[in-house]
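What's counted below: heavy atoms across the whole structure, side chains too, no hydrogens, waters or symmetry copies. Note that this is a predicted model, so its numbers are computed, not measured.
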Amino acid sequence: MSGDRVRLEPGWKARIGDYLERPEMQALAAFLREEKRAGKVIYPPGPEIFAAFDHTPFDTVRVVILGQDPYHGPGQAHGLCFSVRPGVRIPPSLDNIFKEIGRDLGLPRPDHGCLTPWADRGVLLLNAVLTVERGVAGSHQGKGWEGFTDAAIDALNRERDGLVFMLWGSYAQRKGRLIDTRRHRVLTAVHPSPLSAHRGFIGCGHFSAANAWLDEHGLAPIDWSLPPRAQLEAASPASRAANAHRAE
């Protein structure tokens, strides 16, 4: 894994591209190659591993939501934590996120689970671990990704001001040690998983609290609404390409 070969948004590449050259990242790259040679399926697909950074350039980040590792079911993970593509069944944790947004902000429940619009509006949807083996949750923990995502959080902490970090569950909250709470707002709650959501996630008010903080610090609040599935699919690159082809 090399900073020269991995495509990263320029702002992120300037801050964490060199980290990809470290021995532990080379070992991670070797591990991933060996897993693939052994016939194991890795999620998300290679081009989407760094999607969180692609969709949310360093200078546009206003809110950070930290996940644990990608979904491990077929067709689910696409590089943004908690998100699935339009047409994929909404996972239980994301369903609880939508329930809390509805309770907190009065927004209707979306008809899909694709959070790409949030990412494009300045919400960094970052898993602590960026890959996983199909069907084996947590299978790539401890392989090197954690240090890389620590470097990303550290860069935001040092070089940006007035950001909001949403840390749900003990795994995400361990990243809190990297964040200066005198300069940034850190919101913590239990994980939105069905196993814990009703012990404090539902009712946490994080979405309105984030917008209040951003407004107080001169940053635009986040629009937490999501467009209908049909509108999102019509705006996708694949759909635009198909429409252009039909028009020729």
K.L.:
Would you kindly confirm whether Leu214 and Val64 end up in one hydrophobic cluster when ILVMFWY residues are joined by side chain heavy atoms under 4.5 Å apart?
P.N.:
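No, it is not one cluster - the side chains of Leu214 and Val64 are not joined through contacts under 4.5 Å.
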
K.L.:
Would you check if the side chain of Asp69 reaches a backbone N or O of Val132 as a donor-acceptor pair within less than 3.5 Å?
P.N.:
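Answer holds: no.
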
K.L.:
Please find the pair of heavy atoms, one from Ala128 and one from Thr149, that lie closest to each other, and give the distance.
P.N.:
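Where Ala128 meets Thr149 most closely, the heavy atoms are O-OG1, 2.8 Å.
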
K.L.:
Can you tell me if Glu9 uses its side chain to pair, donor with acceptor, with the backbone of Trp12 under 3.5 Å?
P.N.:
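Such a contact is found between Glu9 side chain and Trp12 backbone.
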
K.L.:
Search all heavy atoms of Glu233 against all heavy atoms of Pro86 and return the closest pair with its distance.
P.N.:
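Looking at all heavy atoms of both residues, the shortest contact is OE2-CB, 3.7 Å.
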
K.L.:
Would you tell me whether His184 and Trp213 have side-chain atoms, one donor and one acceptor, within less than 3.5 Å of each other?
P.N.:
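Judged by distance alone, the side chains do not pair up.
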
K.L.:
I'd like to know if Leu232 and Leu226 are part of one continuous hydrophobic network [Ile/Leu/Val/Met/Phe/Trp/Tyr, side-chain heavy atoms within less than 4.5 Å].
P.N.:
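No, because Leu226 and Leu232 fall into different hydrophobic clusters, even though each may have its own neighbours under 4.5 Å.
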
K.L.:
Take Phe148 and Leu130 through the test side chain to side chain contact (heavy atoms under 4.5 Å, CB included) and record every step on the way to the result.
P.N.:
CA-CA 10 Å; Phe148 178 72; Leu130 300 188; 4.1 Å; yes

K.L.:
In terms of hydrophobic clustering (I, L, V, M, F, W, Y; side-chain heavy atoms under 4.5 Å; direct or indirect links), are Leu219 and Leu125 co-clustered?
P.N.:
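Yes, because Leu219 and Leu125 connect within a single hydrophobic cluster, where side-chain heavy atoms sit under 4.5 Å apart.
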
K.L.:
Please evaluate residues Asp150 and Arg177 with respect to the criterion salt bridge (charged side-chain N to carboxylate O under 4.0 Å, His left out), reporting the C-alpha separation (whole Å), side-chain torsions for both, the decisive distance (0.1 Å), and the verdict.
P.N.:
CA-CA 10 Å; Asp150 277 358; Arg177 61 185 168 77; 2.9 Å; yes

K.L.:
When the ring centroid of Phe31 is compared with that of His140, is the distance short of 6.0 Å?
P.N.:
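So the answer is yes for these two rings.
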
K.L.:
What closest approach, in Å, do Ile222 and Asn211 show between heavy atoms, and which atom pair accounts for it?
P.N.:
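So the two residues come closest at N-OD1, 2.8 Å.
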
K.L.:
Going from CD on Gln68 to OG on Ser170, what distance comes out if it is rounded to the nearest 0.5 angstrom?
P.N.:
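Between atom CD of Gln68 and atom OG of Ser170 there are 7.5 Å.
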
K.L.:
Report the C-alpha separation of Leu126 and Ile153 in whole Å, then their side-chain angles, then the decisive distance to 0.1 Å, and conclude whether the side chain to side chain contact (heavy atoms under 4.5 Å, CB included) test is met.
P.N.:
CA-CA 10 Å; Leu126 183 65; Ile153 297 301; 4.2 Å; yes

K.L.:
May I ask you to check whether Lys40 and Ser139 show a side-chain donor-acceptor distance below 3.5 Å?
P.N.:
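No, no side-chain donor-acceptor pair sits under 3.5 Å.
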
K.L.:
Where is the tightest heavy-atom contact between Ser225 and Leu107, given as atom of each residue plus distance?
P.N.:
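Nearest pair, atom of Ser225 first, then Leu107: N-CD1, 3.6 Å.
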
K.L.:
Short question: side chain of Glu146, backbone of Gly142 - any donor-acceptor pair under 3.5 Å?
P.N.:
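Present.
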
K.L.:
In terms of ring plane angle, is the pair Phe207 and Trp118 parallel, tilted or perpendicular, where the classes change at 30° and 60°?
P.N.:
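Aromatic pair Phe207/Trp118 classed tilted.
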
K.L.:
For the pair Thr60 (side chain) and Pro57 (backbone), establish whether a donor and an acceptor sit closer than 3.5 Å, ignoring hydrogens and angles.
P.N.:
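Judged by distance alone, yes, a pair lies under 3.5 Å.
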
K.L.:
Please tell me whether Trp224 and Phe98 form a close aromatic pair, meaning their ring centres lie under 6.0 Å apart.
P.N.:
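No.
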
K.L.:
Would you check if Trp145 and Ile49 make a side-chain contact, meaning some heavy-atom pair closer than 4.5 Å?
P.N.:
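Heavy-atom side-chain distance check passes, below 4.5 Å.
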
K.L.:
Applying the 4.5 Å side-chain criterion to the ILVMFWY set and letting contacts propagate, would Val129 and Tyr71 be lumped into a single cluster?
P.N.:
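No, separate clusters.
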
K.L.:
To the nearest 0.5 Å, tell me how far Ile65 CD1 sits from Asn127 CG.
P.N.:
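If I round to the nearest 0.5 Å, the distance is 11.0 Å.
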
K.L.:
Just to verify, what does Arg134 make a salt bridge (charged side-chain N to carboxylate O under 4.0 Å, His left out) with, not counting sequence neighbours?
P.N.:
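For Arg134, no residue satisfies salt bridge (charged side-chain N to carboxylate O under 4.0 Å, His left out) once neighbours in sequence are set aside.
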
K.L.:
Closest approach of Ala77 and Pro44, non-hydrogen atoms and distance?
P.N.:
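Heavy atoms of Ala77 and Pro44 come nearest at O-CB, 3.7 Å.
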
K.L.:
I'd like a table of donor-acceptor pairs (distance under 3.5 Å, sequence neighbours excluded) in which one partner is a side-chain atom from residues 156-166, with atom names and distances.
P.N.:
{"unit_1": "Asn157", "atom_1": "OD1", "unit_2": "Asp180", "atom_2": "N", "d": "2.7"}
{"unit_1": "Asn157", "atom_1": "ND2", "unit_2": "Leu178", "atom_2": "O", "d": "3.2"}
{"unit_1": "Arg158", "atom_1": "NE", "unit_2": "Asp154", "atom_2": "OD2", "d": "2.8"}
{"unit_1": "Arg158", "atom_1": "NH2", "unit_2": "Asp154", "atom_2": "OD2", "d": "3.4"}
{"unit_1": "Glu159", "atom_1": "OE1", "unit_2": "Arg15", "atom_2": "NE", "d": "3.0"}
{"unit_1": "Glu159", "atom_1": "OE1", "unit_2": "Arg15", "atom_2": "NH2", "d": "3.1"}
{"unit_1": "Arg160", "atom_1": "NH1", "unit_2": "Phe58", "atom_2": "O", "d": "2.8"}
{"unit_1": "Arg160", "atom_1": "NH1", "unit_2": "Val61", "atom_2": "O", "d": "3.0"}
{"unit_1": "Arg160", "atom_1": "NH2", "unit_2": "Val61", "atom_2": "O", "d": "2.8"}
{"unit_1": "Asp161", "atom_1": "OD1", "unit_2": "Arg183", "atom_2": "NE", "d": "2.8"}
{"unit_1": "Asp161", "atom_1": "OD1", "unit_2": "Arg183", "atom_2": "NH2", "d": "3.2"}

K.L.:
Hey, can you pull the donor-acceptor pairs under 3.5 Å for the side chains in residues 110-117, sequence neighbours left out?
P.N.:
{"unit_1": "Asp111", "atom_1": "OD1", "unit_2": "Arg229", "atom_2": "N", "d": "2.9"}
{"unit_1": "His112", "atom_1": "ND1", "unit_2": "Cys114", "atom_2": "N", "d": "3.0"}
{"unit_1": "His112", "atom_1": "NE2", "unit_2": "Pro227", "atom_2": "O", "d": "2.7"}

K.L.:
Could you please spell out the steps behind the side chain to side chain contact (heavy atoms under 4.5 Å, CB included) verdict for Tyr43 and Thr131?
P.N.:
CA-CA 6 Å; Tyr43 297 137; Thr131 57; over 6 Å; no

K.L.:
Flag the pair Arg7 and Asp54 as a salt bridge only when some basic side-chain nitrogen lies within less than 4.0 angstrom of an acidic carboxylate oxygen.
P.N.:
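Counted as a salt bridge, because a side-chain N and a carboxylate O are separated by less than 4.0 Å.
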
K.L.:
Between Ser196 and His191, is any side-chain donor less than 3.5 angstrom from a side-chain acceptor?
P.N.:
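The answer is no; no qualifying pair exists.
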
K.L.:
In terms of hydrophobic clustering (I, L, V, M, F, W, Y; side-chain heavy atoms under 4.5 Å; direct or indirect links), are Ile90 and Val123 co-clustered?
P.N.:
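They do share one cluster, since a chain of ILVMFWY contacts under 4.5 Å joins Ile90 to Val123.
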
K.L.:
Can you confirm whether Arg185 sits close enough to His217 that some side-chain heavy atom of one is under 4.5 Å from a side-chain heavy atom of the other?
P.N.:
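Arg185 vs His217: side chains apart.
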
K.L.:
What closest approach, in Å, do Gly144 and Met25 show between heavy atoms, and which atom pair accounts for it?
P.N.:
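Looking at all heavy atoms of both residues, the closest pair is O-SD, 3.7 Å.
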
K.L.:
Stepwise, does the side chain to side chain contact (heavy atoms under 4.5 Å, CB included) test hold for Tyr171 with Gln141?
P.N.:
CA-CA 11 Å; Tyr171 193 90; Gln141 291 178 16; 3.9 Å; yes

